[in-house]
**Q** 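Below you will find the structure I want to go over with you.
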Amino acid sequence: MLQRGLASADGVPGSASTKVVVTVDYDQLTGALRGLGRTLTDDQLTPAALRRLACDAEILPTVMGTDPAPLDLGRTTRLATPAQRLALWLRDRGCTYPGCSIPPTWCDAHHVLHWCDGGPTDLGNPTIR
């Protein structure tokens, strides 16, 4: 509690009071399917408990691939991950620069909206060139 208060110049906490990393399917969270969310310590939380925690938490949605590997990372990381590169290869099938036909494995991942300008490292923002 003291760290949160001291972290802000005016003494008002500027960070979320709860930071819990939970893996849960969207359909389970919304109640469309039955199931539990799992924390990093393998604790299980009901969807109702997750929604209560989310009321006062910093929420960072992560879309998971089949490995499961995070594919949408928001602003938590700048460079594309290997899982994101694979997803870009599968999606774009090669360079997206007009007129370029090099294969995807020869390409680099770039942000459409540059990261330094606030662009997220999400599959909707990077492209391969």
**Q** Could you give the distance from OG1 (Thr46) to CZ (Arg52), rounded to the nearest 0.5 Å?
**A** 6.0 Å
**Q** Side chain to side chain contact (heavy atoms under 4.5 Å, CB included) with Pro103: which residues, sequence neighbours excluded?
**A** Thr105, Trp106
**Q** Gln84 side chain to Thr121 main-chain N or O, any donor-acceptor pair under 3.5 Å?
**A** yes
**Q** In chain order, what residues pass the side chain to side chain contact (heavy atoms under 4.5 Å, CB included) check against Ser101, with sequence neighbours excluded?
**A** none
**Q** Can you give me the closest heavy-atom contact between His114 and His111, atom names plus distance?
**A** CA-CB, 3.9 Å
**Q** State whether the side chain of Trp115 and the backbone N or O of Thr77 hold a donor-acceptor pair below 3.5 Å, judged by distance alone.
**A** yes
**Q** In the structure I gave you, are the side-chain heavy atoms of Leu45 and Leu36 within less than 4.5 Å of one another anywhere?
**A** no
**Q** Work out which heavy atom in Gly94 is nearest to a heavy atom in Cys107; give both atom names and the distance.
**A** C-SG, 4.1 Å
**Q** Go through the structure and list residues passing side chain to side chain contact (heavy atoms under 4.5 Å, CB included) with Leu113, not counting sequence neighbours.
**A** Asp117, Asn125
**Q** Please report the interatomic distance CG(Leu73) to CG(Leu79), rounded to the nearest 0.5 Å.
**A** 11.0 Å
